[in-house]
Amino acid sequence: MLLRLPGVYRPQADSYLLAQALRSERLGPGTRVLDLCSGTGVLSAQAAEAGAEDITAVDIGRRALMNTRMNLWLRGTRVRVARGDLTAPVRDEQFDLVVSNPPYVPAASDHVPARGAARAWDAGLNGRSLLDRICVEVPEILSSRGVLLLLQSALADVGKTHVMLEEQGLEVEVVRTEEIPFGPVTTSRRDMLRRRGLIEDGQDRERLVVLRAGRPGRAQHD
Ligand SMILES: C[S@@+](CC[C@H](N)C(=O)[O-])C[C@H]1O[C@@H](n2cnc3c(N)ncnc32)[C@H](O)[C@@H]1O
């Protein structure tokens with residue numbers, strides 16, 4: 001059972017695709033896991049179920065972190081929560097697994113909302129306002145055997161994520177994809193996305209992708 005407080009992102013296809021990828025990782029009590037952009041904590045909960053005991057969750061929203069704490073408490077697992085902007089609260093630490101489902105939906109402007117529900121999905125004109133930062137910031141907090149599992153939509157340029165992570169010295173592969181119908185937010189933006197050439201005429205589906213990036217020679221996944 002997963003509780004969700006009002007205003008916190010409801011776990012959906014993207015959360016579950018990333019959870020699937022997480023289940024293929026070998027986690028143990030000593031694996032240091034970071035759930036970056038935790039929302040309800042659905043991925044922290046998945047990590048706990050997979051055997052992790054050293055879990056940190058970061059979100060910019062107070063309520064999201066309260067929600068994460070509640071859901072892990074219900075499972076009898078401790079989670080350390082840290083409120084802040086992406087990796088800022090954990091900048092001096094190292095993690096063996098960073099899992100992130102950040103905002104990635106292309107928006108009407110580059111203004112990133114400071115509050116409200118849209119903060120969970122709006123990510124600037126090209127959908128990359130957080131993705132670009134993750135590609136640069138996360139490699140700095142990965143341990144020598146560290147792995148990043150990152151979810152995004154193909155609408156936000158998967159190729160750029162791939163190249164940016166490789167530029168940081170990581171090996172990158174796509175480990176999960178799923179095509180899903182546009183949700184309400186993307187549907188309401190179809191005209192804008194088509195005008196910008198991000199989707200084709202009549203397109204009503206998008207591809208979700210999980211990228212796995214790690215240091216060369218890192219631990220294997222199943
Ligand atoms: C798409 S939701 C994902 C939630 C959850 N991980 C899941 O998969 O269901 C994105 C989350 O990112 C958080 N967020 C947005 N901007 C952030 C930032 N700059 N730093 C940290 N968290 C942020 C939002 O509050 C929201 O909880």
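Predicted, not measured: the structure shown is a model, and the values here were computed from it. Order of appearance sets the numbers: ligands from 1, and atoms from 1 within every ligand. Hydrogens, waters and symmetry mates are skipped; everything else that's a heavy atom, side chains included, is used.
- When only non-hydrogen protein atoms are considered, atom 5 (C) of ligand 1 lies nearest to Ser38 O, 3.4 Å.
- Side-chain atoms of Thr87 and Glu137 include a donor-acceptor pair closer than 3.5 Å.
- Each of Glu173, Gln152, Arg176 was evaluated against Leu211; a single residue qualifies, Gln152, per the side chain to side chain contact (heavy atoms under 4.5 Å, CB included) test.
- When heavy-atom distances to ligand 1 are checked against a 4.0 Å cut-off, Val112 has no atom that comes that close, whether in backbone or side chain.
- Residue Asp85 places a heavy atom less than 4.0 Å from ligand 1.
- Near Gly84, meaning under 4.0 Å from one of its heavy atoms, ligand 1 places the atoms 20 (N), 21 (C).
- Annotation: atom 9 (O) of ligand 1 to nearest protein heavy atom, Ser15 OG, 2.8 Å.
- A donor-acceptor pair is defined here as one N or O able to donate and one able to accept, closer than 3.5 Å; such a pair exists between the side chain of Ser188 and the backbone of Val185.
- Summary of contacts: the protein heavy atom closest to atom 3 (C) of ligand 1 is Asn101 O, 3.2 Å.
- Side-chain N or O atoms of Asp96 include none that pairs as donor or acceptor with a backbone N or O of Thr31 at under 3.5 Å.
- Protein heavy atom at the shortest distance from atom 23 (C) of ligand 1 is Ile60 CG2, 3.6 Å.
- Summary of contacts: the protein heavy atom closest to atom 20 (N) of ligand 1 is Leu86 N, 2.9 Å.
- Less than 4.0 angstrom separates some heavy atom of Gly39 from each of these atoms of ligand 1: 4 (C), 27 (O).
- Of the protein's heavy atoms, Ala120 O, 3.1 Å lies nearest to atom 1 (C) of ligand 1.
- Put simply, the side chain of Asp54 does not reach to within 4.5 Å of the side chain of Pro29, judged on heavy atoms.
- Between Asp132 and Lys160 there is a salt bridge, with a side-chain nitrogen of the basic residue lying less than 4.0 Å from a carboxylate oxygen of the acidic one.
- Of all atoms in ligand 1, listed by their number and element, those nearer than 4.0 Å to a heavy atom of Leu43 are 6 (N), 8 (O).
- In this structure, the side chains of Ser15 and Tyr9 come closer than 4.5 Å at one or more pairs of heavy atoms.
- At a 4.0 Å heavy-atom cut-off, ligand 1 does not touch Val8 at all.
- Relative to atom 15 (C) of ligand 1, the option among Arg119, Arg4, Arg63 with the closest non-hydrogen atom is Arg119.
- Scanning the protein for heavy atoms near atom 26 (C) of ligand 1, the closest one is Asp59 OD2, 3.6 Å.
- Salt bridge Arg75/Glu49: present, at least one basic N to carboxylate O contact under 4.0 Å.
- Salt bridge status for Arg194 with Asp201: present, with a side-chain N to carboxylate O gap under 4.0 Å.
- Checked for salt-bridge contact, Asp122 and Arg189 meet the test: a charged N lies under 4.0 Å from a carboxylate O.
- Close approach of ligand 1 to Leu130 is summarised as follows: ligand atoms under 4.0 Å from at least one heavy atom of the residue are 16 (N), 17 (C), 18 (C), 19 (N).
- Taking only nitrogen or oxygen atoms, main chain and side chain alike, Asp14 does not reach within less than 3.5 Å of ligand 1.
- Salt bridge annotation for Glu179-Arg205: present, with a cationic side-chain nitrogen under 4.0 angstrom from a carboxylate oxygen.
- The closest protein non-hydrogen atom to atom 6 (N) of ligand 1 is Cys37 O, 2.8 Å.
- Residue contact check for ligand 1: Val42 places a non-hydrogen atom closer than 4.0 Å to it.
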